[in-house]
2 protein chains.
Amino acid sequence: MSCEERRGSILEAAAAVFGERGYVGATTDAVAKAAGVSQPYVVRMFGTKENLFLEVLGRSLDRLLTTFRRVIAEAPAGTDPVELKALIALAYADLLQDRGLLLSLMQGFMLGADPAIGPAARAGFLQVYRLVRDEAGFSPEMAGEFLSGGMMLNTLVAIGLPAEYDTDPVARELLDHCAPNKAAMIARLSKELA
Amino acid sequence: MSCEERRGSILEAAAAVFGERGYVGATTDAVAKAAGVSQPYVVRMFGTKENLFLEVLGRSLDRLLTTFRRVIAEAPAGTDPVELKALIALAYADLLQDRGLLLSLMQGFMLGADPAIGPAARAGFLQVYRLVRDEAGFSPEMAGEFLSGGMMLNTLVAIGLPAEYDTDPVARELLDHCAPNKAAMIARLSKELA
DNA sequence: GTCTATACGGCGATAGAC
DNA sequence: GTCTATCGCCGTATAGAC
């Protein structure tokens, strides 16, 4: 396999592992196993674990921004920002299906105190804010609401509430009122229970 | 010092350390140093690191619920739920001044996959939801909005954005529109920069 | 009630062969 | 391009003295 192909598959595996175990809890060995290579090879290719995480973070952010821009571009010109907000929220919920990608982002947010990761996470977060404000035309209030909803969704997925959707009526009620895309959540659920 | 006093001071130190470094990143040695005791003594007193974290989690949750109940009880009878929501949000922002306590909760939320911590975190989260719905009279929509705002605040603090309040105008704008208690945030900021 | 000493396992990173 | 072997550190937990 070529260098670039390997890079891609390792980064993909790393996103899943980092999302599931967190930055500190994830091991380069677990990433290696998930990607089907040896542990030293992962280190060799990315230098350090920290650097590997930074690349995962950057990738996740890129995908997020790209997706949002596509939704904005595909909306008819002159679409109301409020409507656009619902569309982007929906796209975000869909993106959340890829647990690793988004949970890695969330893990990055929790590492604000880290001297190398903190600045990258803050910059990424502000980049998203600027995108919805400048490119989607959200008011600061709308942008805040949008990001709040996103953080809530991230938390609900991280805490594992969707898995209790049909065993706990309170969890169900909460999810029904917070998930912009109920169908997607349920799809996740059934996948999780399988 | 008596056993109970020590317990309290170790738990307090543990909340700060867990909040700052995360569950995996925190070491029992760091907790011990922060509490001014030896590392084996911390383990001796709480059995395992996992158990120590569960106690910190329970304490944080208790303090949260107690605070919310006090706000509800102190509000004049028949206060509108919408008004109550603003009051509780304000109390939450104040509580967030104790970084360790609330960030420990947030760290717990990120550990939903852990077989021991996950269930405790989910139960705690739902307990908060039930409180604002049943005792404060929030509609499910309001409860969702309230929790979303809380998760957003947690994230903003965790990522360290308040520290950039007066160096980055975008960060400032974002914080101005998301923090229910601007004064508290600024107080935090100045403390952080000191 | 609190410590010192230490066993034990695990992880990131390096060296070097193929 | 990818592996095996391995070093060295660090963290949890135990044993046992005072």
_Protein-nucleotide distance (A:Arg6, atom CZ; D:dG1, atom P), rounded to Å_ = 11 Å
*asked:* From CD of A:Gln39 over to P of C:dA15, roughly how many Å is that when rounded to an integer?
replied: 14 Å
*Please work out if A:Ala26 contacts a base, only the sugar-phosphate, or nothing of the nucleic acid, heavy-atom cut-off 4.0 Å.*
sugar-phosphate
*Looking at the side chain of A:Lys49, which of C:dC3, D:dC3, C:dG12 is the nearest nucleotide?*
C:dG12
*Stacked cation flag A:Lys49 on A:Phe18, 6.0 angstrom / 45 deg*: no
*Among D:dG11, C:dG12, C:dA13, which is the nearest nucleotide to the side chain of A:Thr27?*
C:dG12
*Would the number of heavy atoms belonging to other residues, nucleotides or ligands and lying under 6.0 Å from CD of B:Glu55 be above 12?*
yes
*Spacing between B:Glu50 atom CD and D:dT12 atom P, to the nearest angstrom*: 13 Å
*Nearest whole angstrom, please: distance from the P of D:dG11 to the CZ of B:Phe46.*
20 Å
_At 4.0 Å (heavy atoms only), tell me whether B:Arg44 reaches a base, stays on the sugar-phosphate, or touches nothing._
base
*Length of the line joining B:Asp29:CG and C:dA5:C1', which is rounded to integer Å*: 14 Å
*asked:* Go nucleotide by nucleotide along DNA chain C from the 5' end; which of A:Val43 and B:Met45 gets its closest nucleotide reached first?
replied: B:Met45
*In whole Å, what is the span from the CZ atom of B:Phe53 to the C1' atom of D:dT12?*
17 Å
*asked:* Which heavy atom of B:Ala75 sits nearest to which heavy atom of B:Leu84, and what is that distance?
replied: CB-CD1, 3.6 Å
*Check every strand shown and say whether A:Ser38 touches a base, only sugar-phosphate, or nothing at a heavy-atom separation below 4.0 Å.*
base
*Would you mind reading off the distance between A:Met1 atom CE and D:dT2 atom C1', rounded to a whole angstrom?*
12 Å
*B:Val132 reachable from B:Val82 in the ILVMFWY side-chain graph, under 4.5 Å edges*: yes
_Options D:dG1, C:dG1, C:dA13, nucleotide nearest the side-chain atoms of B:Tyr41_ = C:dG1
*B:Glu5 CD to C:dT2 C1': how many Å, rounded?*
15 Å
*Which is true for B:Thr28 with a 4.0 Å heavy-atom rule: it touches a base, it touches only sugar-phosphate, or it touches nothing?*
sugar-phosphate
*Test salt bridge (Lys or Arg N to Asp or Glu O under 4.0 Å) on B:Asp98 and B:Arg63 and set out the steps.*
CA-CA 11 Å; B:Asp98 185 343; B:Arg63 186 155 157 206; 3.0 Å; yes
*Where the side chain of A:Pro40 is concerned, which of D:dA5, C:dC3, D:dT12 is the nearest nucleotide?*
D:dA5
